[in-house]
Peer 1: 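Shown below is the structure under consideration.
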2 protein chains.
Amino acid sequence: MTRTTKPQNENHTACPMDSLLKLLMGPWTTYILWLLRSQGPQRYGELKAGMPGISSKVLTERLRMLEGAGLIHRDYKPTVPPAVTYSLTPRGAELKDVLEGLNDLAQRWHAEDMRVEA
Amino acid sequence: MTRTTKPQNENHTACPMDSLLKLLMGPWTTYILWLLRSQGPQRYGELKAGMPGISSKVLTERLRMLEGAGLIHRDYKPTVPPAVTYSLTPRGAELKDVLEGLNDLAQRWHAEDMRVEA
DNA sequence: CAGGATCCTGTCCGATACTG
DNA sequence: CAGTATCGGACAGGATCCTG
């Protein structure tokens, strides 16, 4: 086996949590999940409109990653013009709970820090 | 930190959860937290030894970020030679629960995927 | 409408060398 | 021992143009 990269690094990137974390951390990833959850299934253009400043490339990239991780579902209608609708999968919903836990934590800490610094 | 990025991005990086997520996603971040939790407070050198392949610079960088976020505590003894010990703060412990939740999810999905693909 | 291809850019990471 | 300083390279992300 040719092994040019360092074995140690594979160790920690192979960790399922780490890859999930790495997926979530993308600049717009949580936004996408948030939009799909709060506004229900949406089409590509709607998502893009809801995220001012994102490029097609990055949005597509993120959507593919989320799809690959089984967090969202891609529904492709080969009409003319084509219509693609994205929605959350059960896994996406499961993930929601953890994300909200993280969010609560972050917000609480943030609030605490405000009080301390004031 | 220099602030040359576009205003639109500040919108989503200003979200407390996003910054926390961004912090956690660093290449070695979860490792550090994991080590400090499973092996208790450790010194700089011990941490480094436990993470083969990491450079001083990156380790210091990550430690400073974690310290700045209030997740770890830095105890500096100005002896000769100096001794610096890092430990988890209460916040670090709190974060642990969420991380484990995420980890459980990731592992379960991973296991499920294995069954499906087999 | 929903992306693919391409180029360019900054950022961040790791290696090496040096210091109080 | 516990860092800092500096440099180069890889890669991620953005802008733009183009297509089924």
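Lettering of chains follows the sequences in order, A, B, ..., and the numbering in each one begins at 1. Keep in mind that the numbers below use all heavy atoms, side chains included, and drop hydrogens, waters and symmetry copies. Note that this is a predicted model, so its numbers are computed, not measured.
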Peer 1: Who passes side-chain hydrogen bond (donor to acceptor under 3.5 Å, both in side chains) against Trp109(B), sequence neighbours left out?
Peer 2: Glu94(A)
Peer 1: Can you run down the side-chain hydrogen bond (donor to acceptor under 3.5 Å, both in side chains) pairs that involve residues 73-82 of chain A, sequence neighbours left out, and say none if there aren't any?
Peer 2: Arg74(A)-Tyr86(A)
Peer 1: Any protein N or O atoms within reach of nucleotides 3-8 of chain C? Criterion: under 3.5 Å, listing atom names and distances.
Peer 2:
from	atom 1	to	atom 2	distance (Å)
dG3(C)	OP1	Arg64(A)	NH2	3.0
dG3(C)	OP1	Arg74(A)	NE	3.2
dG3(C)	OP1	Arg74(A)	NH2	2.4
dG3(C)	OP2	Tyr86(A)	OH	2.7
dG4(C)	OP1	Arg64(A)	NH1	3.2
dG4(C)	OP2	Arg64(A)	NH1	3.2

Peer 1: With distance as the sole test, does Thr85(A) use its side chain to make a donor-acceptor pair with the main-chain N or O of Gln42(A) at under 3.5 Å?
Peer 2: no
Peer 1: Expressed in angstrom and rounded to an integer, what is the separation of Ile54(B) atom CD1 from dC12(C) atom C1'?
Peer 2: 14 Å
Peer 1: Could I get the full list of side-chain hydrogen bond (donor to acceptor under 3.5 Å, both in side chains) partners for Thr60(A), not counting sequence neighbours?
Peer 2: Tyr44(A)
Peer 1: Go through dG13(D), dA15(C), dC13(C) for me and flag the one nearest to the Pro27(B) side chain.
Peer 2: dC13(C)
Peer 1: Measure from CE on Met25(A) to P on dC12(C) and round the result to the nearest Å.
Peer 2: 10 Å
Peer 1: Tell me the bend of the helix from dC1(C)-dG20(D) to dG20(C)-dC1(D) as the angle between end helix axes, each from five pairs, rounded to the nearest 10 degrees.
Peer 2: 50°
Peer 1: In this structure, how many angstroms lie between the C1' atom of dC11(D) and the CD atom of Glu61(A), rounded?
Peer 2: 11 Å
Peer 1: Nearest whole angstrom, please: distance from the C1' of dA2(D) to the CD of Gln42(B).
Peer 2: 15 Å
Peer 1: Using whole Å, report how far CD1 of Ile32(B) lies from C1' of dA2(D).
Peer 2: 14 Å
Peer 1: What residues join Met25(A) in its hydrophobic cluster, counting side-chain heavy atom gaps under 4.5 Å, either direct or through other members?
Peer 2: Met25(B)
Peer 1: Check nucleotides 18-20 of chain C against the protein and report each pair of N or O atoms closer than 3.5 Å, with its distance, or say if there are none.
Peer 2:
none

Peer 1: Give the rounded distance in Å between these two atoms: OH of Tyr31(A) and P of dG13(D).
Peer 2: 17 Å
Peer 1: Indicate yes or no for a side-chain donor-acceptor contact from Thr29(A) to the backbone of Leu23(A) under 3.5 Å, with no hydrogens or angles considered.
Peer 2: yes
Peer 1: What salt bridge (charged side-chain N to carboxylate O under 4.0 Å, His left out) pairs are there with at least one residue in residues 27-41 of chain B, not counting sequence neighbours?
Peer 2: Arg37(B)-Glu100(B)
Peer 1: List in chain and number order the residues that pass side-chain hydrogen bond (donor to acceptor under 3.5 Å, both in side chains) with Ser56(A), two or more places apart in sequence or in another chain; answer none if no residue qualifies.
Peer 2: Lys48(A)
Peer 1: Could I get the full list of salt bridge (Lys or Arg N to Asp or Glu O under 4.0 Å) partners for Asp113(A), not counting sequence neighbours?
Peer 2: Arg91(B)
Peer 1: Can you name the residues that form a side-chain hydrogen bond (donor to acceptor under 3.5 Å, both in side chains) with Asp104(B), not counting sequence neighbours?
Peer 2: none
Peer 1: How close or far is atom C1' of dG13(D) from atom CZ of Arg62(A), stated in whole angstroms?
Peer 2: 9 Å
Peer 1: Can you tell me which residue pairs pass the salt bridge (charged side-chain N to carboxylate O under 4.0 Å, His left out) test with a partner in residues 55-64 of chain B, sequence neighbours excluded?
Peer 2: Arg64(B)-Glu67(B)
Peer 1: When you measure from the side-chain N and O atoms of Arg43(A) to the phosphate of dC1(C), is any distance below 4.0 Å, counting only OP1 and OP2?
Peer 2: no
Peer 1: Find the distance Trp28(B):CH2 to dC12(C):C1' and express it as a whole number of Å.
Peer 2: 14 Å
